[in-house]
Amino acid sequence: MTNTLDDKAIVKDYFNATGFDRWRRIYGDGEVNKVQKDIRIGHQQTIDTVIGWLESDDNLPELSICDAGCGVGSLSIPLAKAGATIFASDISEKMVTEAKERAAKELADTGKLTFAVQDLEALTGQYHTVICLDVLIHYPTEEALGMIKHLGSLAQSRLILSFAPKTCLLTILKKIGQFFPGPSKTTRAYQHKEKTIIAALNENGFKIERTSMTSTRFYFSRILEAVRSE
Ligand code: SAM
């Protein structure tokens, strides 16, 4: 049985404490250990893939984008720089404060970028595109499916998600990792079956348009772009 409130409270506390320090460093450019460096490189590839998709459509200045679980703004800041109107939110106040500071440093004009501290399932409004990268890994599949349904209800045209896919190889690697607990260990990480995620997207009125997979030694992220099918 799952308890969404407990899971959210654990994740929120983590990203306001040790998780904040760990991920702020991974999503930065200072010294990190080898595993963290590998995750930094993999995560940047995921960000670059999504930005590449959006830029190739050549309409970023016309788009309203909701970045749900924005972290330190790794996606929101470059998208705002490219002219999109961004609503970025995260359950962790510390992450949002860091994102705001980075935006103030990196953007000449922050007028198109709004931040909020909010659970993604409490978000309201309508956006051309809703994006949620590397957040579903923190929740069991049943809860992730509820999140996809809610995020879908906010998306007028498109929902872009990334998640750790549940494949045989990754399940084995995860098991091996459990034999070597160490300082690089984070919160619980949940993998999701791609066919389950796609079925949920279909049920909520979306069809898959573009896909990608980022794989490094320690970072695995399947990226799906789903567009409204009706
Ligand atoms: N999406 C960002 C990126 O790719 O750079 C951050 C990814 S980080 C691994 C996961 C983020 O999801 C954290 O900042 C965490 O606080 C946020 N998060 C977790 N659960 C959330 C929820 N229920 N609502 C909003 N944000 C959430």
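In listed order, ligands and their atoms are each counted from 1.
With sequence neighbours left out, Gln118 forms a side-chain hydrogen bond (donor to acceptor under 3.5 Å, both in side chains) with no residue at all. Residues that satisfy the side chain to side chain contact (heavy atoms under 4.5 Å, CB included) test with Ile41, not counting sequence neighbours, are Lys37, Gln45. Residues meeting the ring-ring contact (aromatic ring centres under 6.0 Å, His included) test with Phe115, sequence neighbours left out: none.
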Would you tabulate the polar-atom pairs, meaning N/O of ligand 1 against N/O of the protein, with distances under 3.5 Å, reported to 0.1 Å?
unit_1, atom_1, unit_2, atom_2, d
ligand 1, 1 (N), Gly69, O, 2.6
ligand 1, 1 (N), Leu133, O, 2.8
ligand 1, 4 (O), His43, NE2, 2.8
ligand 1, 5 (O), His43, NE2, 2.8
ligand 1, 14 (O), Asp90, OD1, 3.3
ligand 1, 14 (O), Asp90, OD2, 2.6
ligand 1, 16 (O), Asp90, OD1, 2.6
ligand 1, 20 (N), Tyr139, OH, 2.6
ligand 1, 23 (N), Asp119, OD1, 3.0
ligand 1, 23 (N), Tyr139, OH, 3.2
ligand 1, 24 (N), Leu120, N, 2.9
ligand 1, 26 (N), Ile91, N, 3.1

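Electrostatic pairing of Asp7 and Lys12 does not count as a salt bridge here, judged by no charged N lying under 4.0 Å from a carboxylate O. Note on Glu98 versus Lys100: no salt bridge recorded, every NZ/NE/NH1/NH2 to OD/OE distance being 4.0 Å or above.
Note on ring orientation: taking the six-membered ring where Trp is involved, the planes of Trp23 and Phe15 are tilted (angle from 30° to 60°).
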